[in-house]
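Every chain is numbered from 1 and lettered A, B, ... according to where its sequence line falls, protein lines coming before strand lines. All values below were derived from every heavy atom in this structure, side-chain atoms included, with hydrogens, water molecules and symmetry-related copies excluded.
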There are 4 protein chains.
Amino acid sequence: MNELLERIVADCAPSASLGHVATYIPELANVDPNKLGIYVSSEDGKQYFAGDHLEPFTMQSVVKPLILLQALMDSGEDAVRTLVGVEATGKPFDAFNYSDQALNSANINPMINTGAIALCTLIHGETYEEKFSRLLDLARKLSDNPELNVDHAVYVSEKKTGNKNRALGYMLTAYGMITDPVEEILDCYFRACSISVNCRDLARIAHIFANHGIHPETQEQMFPAAYAKYVNATLATCGMYDGSGEFALTVGFPAKSGVGGGIMGVIPHRMGIGVFAPALDKHGNSVAGVQALAKLSQILDLSIY
Amino acid sequence: MNELLERIVADCAPSASLGHVATYIPELANVDPNKLGIYVSSEDGKQYFAGDHLEPFTMQSVVKPLILLQALMDSGEDAVRTLVGVEATGKPFDAFNYSDQALNSANINPMINTGAIALCTLIHGETYEEKFSRLLDLARKLSDNPELNVDHAVYVSEKKTGNKNRALGYMLTAYGMITDPVEEILDCYFRACSISVNCRDLARIAHIFANHGIHPETQEQMFPAAYAKYVNATLATCGMYDGSGEFALTVGFPAKSGVGGGIMGVIPHRMGIGVFAPALDKHGNSVAGVQALAKLSQILDLSIY
Amino acid sequence: MNELLERIVADCAPSASLGHVATYIPELANVDPNKLGIYVSSEDGKQYFAGDHLEPFTMQSVVKPLILLQALMDSGEDAVRTLVGVEATGKPFDAFNYSDQALNSANINPMINTGAIALCTLIHGETYEEKFSRLLDLARKLSDNPELNVDHAVYVSEKKTGNKNRALGYMLTAYGMITDPVEEILDCYFRACSISVNCRDLARIAHIFANHGIHPETQEQMFPAAYAKYVNATLATCGMYDGSGEFALTVGFPAKSGVGGGIMGVIPHRMGIGVFAPALDKHGNSVAGVQALAKLSQILDLSIY
Amino acid sequence: MNELLERIVADCAPSASLGHVATYIPELANVDPNKLGIYVSSEDGKQYFAGDHLEPFTMQSVVKPLILLQALMDSGEDAVRTLVGVEATGKPFDAFNYSDQALNSANINPMINTGAIALCTLIHGETYEEKFSRLLDLARKLSDNPELNVDHAVYVSEKKTGNKNRALGYMLTAYGMITDPVEEILDCYFRACSISVNCRDLARIAHIFANHGIHPETQEQMFPAAYAKYVNATLATCGMYDGSGEFALTVGFPAKSGVGGGIMGVIPHRMGIGVFAPALDKHGNSVAGVQALAKLSQILDLSIY
């Protein structure tokens, strides 16, 4: 299996040249576009890996399923559903073009920025610092990595340049969907996006979603199975931005990508996968990462369809 | 199992009152809104059913996966992908609002009318009558029902009132995506939508998609496994109109609905399901049908996520 | 004055190289892009002209004010307003992107294709041939040119390639805004667009609109003054496609352009102007024609603002 | 003439019941919806008025032509045109639905919030307090009213609830169209909207635009004639929100409305008019105010078309 992963890394690394690293957050532009790592946390308890699987990168949108999960755990499904819907939007993840009639929960999903920002308000905590702490704790627990922390330089860069997110935040405020101060909510959101992880961390987190909330070693139920299915279903339809349909065809399992270059793949009942390759396609998905997952899916027959 | 289905039918039939039968095709408005039937074609070769499972209804959009499959079989995946993309649009199935910059394959999928009309041109045949014959033959073979035929009254009604589809057809023509005469293509499409089936027919067809192309009794490979996964993945992300995300959460498997009230459910490796209940929700999906599938999914743990 | 016009023609003709002749109607692609003609029908009864003012070209969208006028004369303002609104759309003249909630009269104006096609149904006549005859008669009377007729080659070309207009026609039908057969309405519309005129014809027609319906020589009231103001106001806000605001700034009077390269300018109480130069800008307006009108407006202080 | 105005006030006041006062800025909800005032500053130097012409109200969007004028005077036409276009958008004044491809100057005009906010950056001044001072000075000079000042309660209310404008501001920032701090720009904008005026003030300002920049009594050229035409043309096509086409038909001259209930009407070469009646129609235009202007226009033949 490690050999298979090595071969896939060797085969897919060159395709990085077809993409570009994200530049809209200046700090993200500084990464080496040719990195490629992969890590599999498997049903048999075994861990497999190849390439730059220990290279750190920031979660960016990969944190969105965790925001959704924490909101579900803290406020319940009804509150989440009232605020944020579940349909794919057919638009980029940071799109503005809500018509005036249509900014409501039905047109937002938890995997676009608008939805993830809104869901931060449903996490418990007196302050947004507390809310973020809960989220970081969740990431640490699910990844079995108590060292997880914010990449401060990325966080600062993100906060400085995140004006599209500010616009989305004030739009949510204008429509009465959120009431807390926008800058505080965004501070929590920017920190969350800036959590530094590696492929192993993503694979471990994904594995628990694949296991419907049960820790693969301790067998502890970390969160309700229903929430795992909620998150997994949402990833299947909306997880790969407006490339989710394409990903369902070519790879075929729930996954979430981030503009940091990471992808977290969830194969229900079987395994969790983390990949990292920072050059992105036009939708914001890792080029070499998607290709590596496609190969792995084909060889191991991982498609759920 | 039949007992379980009977109970589900009894529990879900009343919810028909929350929906309305389709009226935009006058013939469809004449059905009894309180019908509810369900049929399961199962992995063990057994067939289960309850309620109005023998009641005939027209396929309507449920025929779209068959159009996609026939186009794949006749012209191959590349031709299909060049014409029609795979992303959910975030819009109703008969939406017009393509911006002038954006009418291209990337913004069309095979489960919206625009995409299904375009795909008719990729079915082999000298004439559109021949193309339709191939499609009808496919439906007959997959359902093991050589009696399948067009409901002539619905077809005539559809042809007479299908002006939105005419508009979509001429739009495709205007953008150079189709070149055959619009009325001929639409005639094929209207006939396809008017194929009369019952729950058993849908369950049998679905079962072969679930079996990745292999006939459950004869074990014959009716079409390539890759095409089954292509169709199933597309159903998972786009099959239930702009209610596909909701359906993934509450039911959790690939499915296709039609405004005739039918739903075809595909549970990979396990079973095919056909339900029929003509009162529809605002997305065009059968209210009682979705509810019945949700109950069945929960009880039998059918979600793939 | 003729000298002034000669100078303007000489100055503006070279700017034709900044535009392109329309190609979507094949016949229109055959014209010489370097023609430039201008004709002024003035308040003092005098007629001035320069350049290719006798060159024939088809009216195309310049016929829209005549369709609006005939609809007003035949069916009255209330009927017109019920069918077609008066607001600029912010979109190209042949845009499709009506949201499903919003295809109604409020989102259509008489100067976009959708509106002009709809208004053809309000012209009196047993058949669409009769309706078109009334329209042609109106054009002949207002231009004092009984020889005006359809350019048959352009009409045939237009009918053959007019699939976007077919799409718009079926969309109007689908929303119940028109009920007559689409092909018949479009036949009338295509003929109207194909009426062959020259700069003099446009200037004469424009002069009567400028005179609020009164023939400048005979003093006959050809149509109610209120309808002239209706048309002129509509031209001022919507007459130059989605370049109407720009035209108001740089030229400053009601005008209507067509993709044949003609522009009809109306200076209330003062004069009518016809220009022709077939190379178009991105909005579909004659490049050299707009420039010539801008110069003339500045020199003669023709802006109404 | 005063008698005529009295009659119009008496006739039109009851139509206030067809509208509603603006409520999205809480302070605006407190006004008496039945007020109606009108003031005419005429070509003969005479001043006419009737009804509540001395009632104070805040300018709101009526200040937009002054922002445009000050930006033109301070930074020139090229800078203004680079930042903000001139086409009607076909959308409400505070619409968000810019597609991601299309947030650029071509899709913004100076009479929608996005455009007016952007233009504040082109006013000279070290600070936004200084920029606002220049704007207030301009309003005072053009109205011959050195007492003009901000209604502090409205300004505070506006600043507190203006989240849609914050969203628009951050969107402009995200697309690189503005670079100054959003809150500072908005502070200037909110102050400008909160300038308290009466019908006389608006009529006086309008009169100078009608006179192409020349003060009607002193004959001083307050600003270039070209800028007056620029503003007047923009008002004619975009001044009455997405009711500008309707206003051109029924009234027929350049005008600017505000959600405070004021309308400033410019009749080139003839007069300036100010009206006030706070109950608004669905576009945000004063119901009784528009009706009063329509009557006056008809009786005095004020339409420029």
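- Under the side chain to side chain contact (heavy atoms under 4.5 Å, CB included) rule, A/Tyr170 has a single partner from D/Asn163, D/Val182, D/Asn165, which is D/Asn163.
- Other residues, nucleotides and ligands contribute at most 12 non-hydrogen atoms within 6.0 Å of the CD atom of D/Glu129.
- From D/Met171, atom CE reaches atom CG of A/Leu168 across 10.0 Å, with rounding to the nearest 0.5 Å.
- Atom CZ in A/Arg166 sits 9.0 Å away from atom OG1 in D/Thr173 (nearest 0.5 Å).
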